[in-house]
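Down below is the structure, laid out as structure tokens.
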Number of protein chains: 2
Amino acid sequence: MEREEVNIQFSKSTDYALHALIHLAHSEHRHNIGIKELSATLGVSESYLSKVMSKLRRDGIVRAVPGVNGGYELARPAEQITFLEVIQVIEGRQQLFECSTLNSQQHRLLAEEGAAERDRDCQGKSECLVKKVMDGAEEHLYQYLREHTIQSVLDEAFQR
Amino acid sequence: MEREEVNIQFSKSTDYALHALIHLAHSEHRHNIGIKELSATLGVSESYLSKVMSKLRRDGIVRAVPGVNGGYELARPAEQITFLEVIQVIEGRQQLFECSTLNSQQHRLLAEEGAAERDRDCQGKSECLVKKVMDGAEEHLYQYLREHTIQSVLDEAFQR
DNA sequence: TTATTATGGACATCAAAGGTCCATAATAAA
DNA sequence: TTTATTATGGACCTTTGATGTCCATAATAA
């Protein structure tokens, strides 16, 4: 009874990624910020942060150059990098909610009231009533995360 | 490279809980729906669904009575049971986002611009710029989930 | 009293998060 | 062209939590 279960939460990797990108954006006059500086700034190991940065690179959010004076920089203007995009790159693109129950429950409901012509499958189709609400919630959340960018955070930091 | 990582997602338990509650609400003329009927309806094992139902009972969402003809029923009207409440009971009440990075990043930003009088801690305080956005996202999501209840889903099922 | 139903503890399994280490590739500077 | 430096990716490890089963016990109505 010591620990409550933990579940619906963004991963630490997402945290690292967002903070790293903000640091890059804030240092844009300089070029090629190395993993050493990034990991020291965030207080995270170089080896782990490297993995996160590699993902960001593979998805075209940052550019990376090896070698002396190498490092990372944003691949695009900070106002074109949304929170949603970063989160999806790191967390993957699965949906907030997947229906795992049988097709029985909600379809019995529908069938009994004479809407029996609908599909018979609850797995991911739009027929599941619970999923319908959750999909709405997801779109709601995503819309918010689309409206916030790396740049908008910087703007806010400088009280405007 | 076969499986993409899976992360930010509601658990199956939440799925089970929501579907079970809808079934209870839809059967409110009858009383005490047993775990047998519930598990058969959802296509889930009795033993596992029991755990989920116990959680719902401990948090006052359903009532349970053991013994012959025992079972579960809603402890409150279906319009007073929100999606958010169910989710929080099952998933726990941690936040969508916890800041894991050092206090350095965002405070260096603030400090450089002369806002140095703020706290020095990024762990969960409102000072972290990333966390501020994520908290906003969370509140956005929660507001939506508060507006949807077990009853509202039933209403929708009966096309009104 | 008895059959029935819910409860909770103890386990088991499995996948994913989080993290480390190292060999290799790439690059710029010397 | 070497060399020092930096990123990359594979292999591996540990911990945690989700999912699930089983069983003994408690509670309850018939």
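For the numbers below, each heavy atom of this structure counts, side chains included, while hydrogens, waters and symmetry mates do not. By convention in this document, chain letters (A, B, ...) are assigned in the order of the sequence lines, proteins followed by strands, and residues within each chain are numbered from 1.
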Checklist entry - CZ of B:Arg58 versus C1' of C:dG8: gap in Å, rounded? => result 8 Å
Item to check | Between D:dT5 (P) and A:Glu37 (CD): distance, integer Å | outcome: 17 Å
Checklist outcome for this item: Under the rule of Watson-Crick or G-U wobble with both distances under 3.5 Å, where | means paired to another strand and [ ] a crossing pair, DNA chain D maps to ||||||||||||||||||||||||||||||
Next on the checklist: In this structure, how many angstroms lie between the C1' atom of C:dG19 and the CG atom of A:Asp15, rounded?
Outcome noted: 16 Å
Checklist entry - About how many Å separate NZ of A:Lys12 and CG of A:Leu42, when rounded to the nearest 0.5 Å? => result 13.0 Å
Next on the checklist: Once ring-ring contact (aromatic ring centres under 6.0 Å, His included) is applied, do any residues pair with B:His140, and if so which ones, sequence neighbours excluded?
Outcome noted: A:His140, A:Tyr144
Checklist entry - Going by an N to O cut-off under 4.0 Å, is there a salt bridge joining B:Arg30 and B:Glu37? => result yes
Checklist entry - Starting at CD of A:Glu73 and ending at C1' of D:dT6, how long is that distance when rounded to a whole Å? => result 14 Å
Next on the checklist: Taking only side-chain N and O atoms of A:Arg57, does any of them lie within less than 4.0 angstrom of OP1 or OP2 on D:dA7?
Outcome noted: no
Item to check | Distance (rounded to the nearest 0.5 Å) between B:Ile150 CD1 and B:His19 NE2 | outcome: 10.0 Å
Checklist entry - Would B:Tyr16 and B:Ser11 satisfy side-chain contact (heavy atoms from CB on, under 4.5 Å), going step by step from the backbone distance to the final call? => result CA-CA 9 Å; B:Tyr16 301 160; B:Ser11 66; over 6 Å; no
Checklist entry - Which nucleotide sits closest to the side chain of A:Ser11: C:dA6, D:dT8, C:dA17? => result C:dA17
Checklist entry - Any Lys/Arg nitrogen of B:Lys131 or B:Glu138 sitting under 4.0 Å from an Asp/Glu carboxylate oxygen of the other? => result no
Next on the checklist: Without decimals, in angstroms, what is the distance between A:Leu38 CG and D:dT8 C1'?
Outcome noted: 16 Å
Next on the checklist: So, OP1 or OP2 of C:dA17: does either fall under 4.0 Å of a side-chain N or O from A:Tyr16?
Outcome noted: no
Next on the checklist: Taking the basic N atoms (NZ, or NE/NH1/NH2) and the acidic carboxylate oxygens, is any pair closer than 4.0 Å for B:Arg93 and B:Glu85?
Outcome noted: no
Checklist entry - Is there a side-chain contact between B:Lys51 and B:Lys55 (heavy atoms, below 4.5 Å)? => result no
Item to check | Gap between atoms NZ and P, on B:Lys36 and C:dT4 respectively (whole Å) | outcome: 9 Å
Checklist entry - Taking atom P of D:dG17 as reference, at what distance in whole Å does atom NZ of A:Lys12 sit? => result 11 Å
Checklist entry - What's the CG-C1' distance between A:Asp59 and D:dT8, to the nearest Å? => result 16 Å
Checklist outcome for this item: CD1 (A:Ile81) and CZ (A:Arg76) are apart, to the nearest 0.5 Å, by 5.5 Å
Checklist entry - What does A:Arg63 touch in the nucleic acid at a heavy-atom separation under 4.0 angstrom: a base, only the sugar-phosphate, or nothing? => result nothing
Checklist outcome for this item: Scoring nucleotides 20-30 of chain C by protein non-hydrogen atoms under 4.0 Å (B base, S sugar-phosphate only, - none) yields BB----BBSS-
